[in-house]
Amino acid sequence: MRPTTKPRSSRPRFQRKRFCKFCADKIDFIDYKDIRILRHYLTERGKMMAARMSGTCAKHQRELAQAIKRARSIALLPFVEKF
């Protein structure tokens, strides 16, 4: 016997369109010393957010990853968040 699938609801799901905030604000350079912005792109455990989660474009995702790694290496950001 085949499992029955639920019929899709007729109500459309609302999804907010993701966009790159750096492109929208026309930011060319991501400063590794700007901790407030960098923390926005970290998870609660201290991992970097994926581009599909944050909505950043590929170019800015690469720059963001480099900035976070630089900030971690000079101890501005922790590698792991404490619980």
Notebook entry, point to check: Are more than 12 heavy atoms from other residues, nucleotides or ligands located less than 6.0 Å from atom OH of Tyr32?
Noted result: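 No, because the 6.0 Å sphere around OH of Tyr32 holds 12 heavy atoms or fewer from other groups.
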Next item on the list: Give the minimum heavy-atom separation between Ala71 and Leu38, together with the two atoms involved.
Entry: CB-CD1, 3.9 Å
Notebook entry, point to check: Less than 4.5 Å apart, any side-chain heavy atom of Thr43 and any of Met49?
Noted result: yes
Next item on the list: Please examine the side chains of Ser54 and Gln61, heavy atoms only from C-beta on, and report whether any two atoms are closer than 4.5 Å.
Entry: yes
Note to self: Can you pull out every salt bridge (charged side-chain N to carboxylate O under 4.0 Å, His left out) where at least one residue sits in residues 38-59? Sequence neighbours excluded, please.
What the structure shows: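 Matches after skipping sequence neighbours: Arg39-Glu81.
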Should [X] and [Y] be counted in the same cluster of Ile, Leu, Val, Met, Phe, Trp and Tyr side chains packed under 4.5 Å apart?
X: Leu76; Y: Phe79; result: no
X: Met53; Y: Leu64; result: no
X: Ile35; Y: Val80; result: no

In Å, rounded to the nearest 0.5 Å, how long is the span from [atom1] of [X] to [atom2] of [Y]?
X: Ile68; Y: Leu42; atom1: CD1; atom2: CG; result: 4.5 Å
X: Phe29; Y: Asp34; atom1: CZ; atom2: CG; result: 10.5 Å
X: Lys21; Y: Ile27; atom1: NZ; atom2: CD1; result: 11.0 Å
X: Leu77; Y: Met48; atom1: CG; atom2: CE; result: 10.0 Å

Next item on the list: Indicate yes or no for a side-chain donor-acceptor contact from His60 to the backbone of Ile30 under 3.5 Å, with no hydrogens or angles considered.
Entry: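 Not confirmed, His60 side chain does not pair with Ile30 backbone.
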